[in-house]
Amino acid sequence: MGATISSAAGENAISNALADVRARIAAAARKAGRDPASVTLIAVSKMHEARAIESALAAGQRHFGENRVQEAGAKWPALKTPNVRLHLIGPLQTNKAADAVSVFDVIHSVDRPKLAEKLAAEMAAQARRLPCFIQINTGREPQKAGVDPTEADACITACRAMNLDVAGLMCIPPVGEQAALHFAFLREIAKRNDLAQLSMGMSEDFETAILFGATHVRVGSAIFGARA
Ligand SMILES: *Cc1c(COP(=O)(O)O)cnc(C)c1O
């Protein structure tokens, strides 16, 4: 009985948090003079259990983000329905490219030509053409994944030449810096390369990201609570 009550409470908390995040997205979009429907909310469920994901699914959430191929491959086959879209938002090793292509529907973390090449080959082999975002290391942080901004244009051109479906760009601003500067920078690189989609903004800064043109926001803790 106790377990039932507490899981119902958990489900309520997630559904309330989702409603709150959706309302904030809509308000930010309107403030930017944009259609709220132009922003896709990706609920980042990494490190959260199936039960939490089921609550989000029950609340109508359809786009989810995971940062590890192995974790997603273990959790999602039992949960996924045809209208759910799974986004890979974490760094990808080339030896996991085949699994990534079969488990995910969108890849946000293409960060080097060698990986792009491997993904393109796997997509051809599996007859699955996944939209991809190229991750740009806008803060040029040595420990962070992403293409150096000075190599962005060349990398985008190379990925397109591999017949990868390059949908847009992704970034994770450095902690402690003004995210807005990084969002504006990413938007500028996308614009000059004729890319329409921007994956940027997390729990702390998704409203700012929307003001700067984010089409995909990746929100975890504001929906599911703190991760262990
Ligand atoms: C974990 C993660 C998020 C979500 O972060 P929150 O602060 O919990 O919203 C977004 N993007 C990436 C790449 C992540 O790894």
Side-chain angles (χ1 to χ4, degrees), residues 10 13-25 28 39-49 52-53 55-56 59 61-76 85-93 96 100 103-112 115 119 130-147 167-180 182-183 185-187 190 197-228:
I14 288 171
S15 132
N16 289 342
L18 261 172
D20 179 61
V21 168
R22 286 181 189 138
R24 287 168 61 193
I25 288 172
V39 183
T40 299
L41 169 60
I42 300 172
V44 177
S45 51
K46 67 186 185 199
M47 297 174 76
H48 289 286
E49 291 174 3
I53 295 170
S55 300
Q61 181 61 29
R62 291 297 173 261
H63 290 264
F64 290 85
E66 292 280 347
N67 67 335
R68 287 167 184 274
V69 177
Q70 206 169 346
E71 179 182 343
K75 275 195 312 200
W76 276 96
R85 292 287 170 270
L86 202 52
H87 299 251
L88 175 62
I89 60 169
L92 178 59
Q93 296 170 298
K96 298 231 172 78
V103 170
F104 289 93
D105 302 292
V106 184
I107 313 271
H108 290 243
S109 47
V110 178
D111 62 358
R112 53 198 193 279
L115 174 62
L119 283 169
L130 278 51
C132 292
F133 289 77
I134 297 176
Q135 182 175 352
I136 309 295
N137 188 355
T138 57
R140 307 187 81 175
E141 296 173 279
Q143 83 286 6
K144 198 168 270 177
V147 178
L169 302 179
M170 181 271 227
C171 78
I172 309 170
V175 174
E177 282 188 30
Q178 280 216 22
H182 294 270
F183 297 153
F185 187 27
L186 195 70
R187 177 176 64 182
Q197 302 192 49
L198 292 169
S199 169
M200 57 190 199
M202 322 203 315
S203 292
E204 294 303 314
D205 53 22
F206 66 86
E207 287 147 311
T208 305
I210 290 166
L211 294 180
F212 283 87
T215 58
H216 294 69
V217 293
R218 311 176 308 265
V219 180
S221 45
I223 295 169
F224 294 107
R227 289 177 290 272

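Being a predicted model, the structure only gives us computed values, none of them experimental. Both ligands and their constituent atoms are indexed starting at 1 by order of listing. Scope of the values below: all heavy atoms of this structure, side chains included, with no hydrogens, waters or symmetry mates.
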Indicate yes or no: does an N/O atom of Asn67 lie under 3.5 Å from an N/O atom of ligand 1?
no
Donor-acceptor contact present, side-chain Thr215 to main-chain Leu198, <3.5 Å
yes
Sub-3.5 Å donor-acceptor pair from the side chain of Asp105 to the main-chain atoms of Leu86, do we have one?
yes
Sub-4.0 Å heavy-atom approach of Glu204 to ligand 1
no
For atom 14 (C) of ligand 1, what's the nearest protein heavy-atom neighbour? Residue, atom name and distance, please.
Lys46 NZ, 3.0 Å
Closest approach of any protein heavy atom to atom 12 (C) of ligand 1, naming residue and atom:
Ile89 CD1, 3.5 Å
How far is atom 10 (C) of ligand 1 from its nearest protein heavy atom, and which residue and atom name does that atom have?
Met202 SD, 3.2 Å
Gap separating the CZ atom of Phe183 from the CG atom of Asp205, nearest 0.5 angstrom
4.0 Å
Under a heavy-atom criterion of less than 4.0 Å, does His108 contact ligand 1?
no
Note the single closest protein heavy atom to atom 11 (N) of ligand 1, along with its residue, its atom name and the distance in Å.
Arg218 NE, 2.9 Å
Give the residue and atom name of whichever protein heavy atom lies nearest to atom 6 (P) of ligand 1, and the separation in Å to one decimal.
Ser203 OG, 3.5 Å
Please confirm whether Val44 comes within less than 3.5 Å of ligand 1 when only nitrogen or oxygen atoms on both sides are compared.
no
Per-atom contacts of ligand 1 with Val219, taking only distances under 4.0 Å to non-hydrogen atoms
9 (O)
Check whether Lys46 reaches the backbone of Ile89 with its side chain - one donor and one acceptor, N or O, closer than 3.5 Å.
no
Proximal atoms of ligand 1 relative to Ile172 (non-hydrogen, under 4.0 Å):
13 (C)
Side chain to side chain donor-acceptor pair (under 3.5 Å) for Arg227 and Ser221? Distances and angles first, verdict last.
CA-CA 7 Å; Arg227 289 177 290 272; Ser221 45; 4.8 Å; no
Hey, could you give me the NE2/OG1 distance between His182 and Thr208, rounded to the nearest 0.5 Å?
12.5 Å
Exam field: side chain Asn16 to backbone Ala13, donor-acceptor pair closer than 3.5 Å:
no
Any sub-3.5 Å donor-acceptor pair from Gln61's side-chain atoms to His63's backbone N or O?
yes
In ligand 1, the atoms that come under 4.0 Å of a heavy atom of Gly220 are 4 (C), 6 (P), 8 (O), 9 (O)
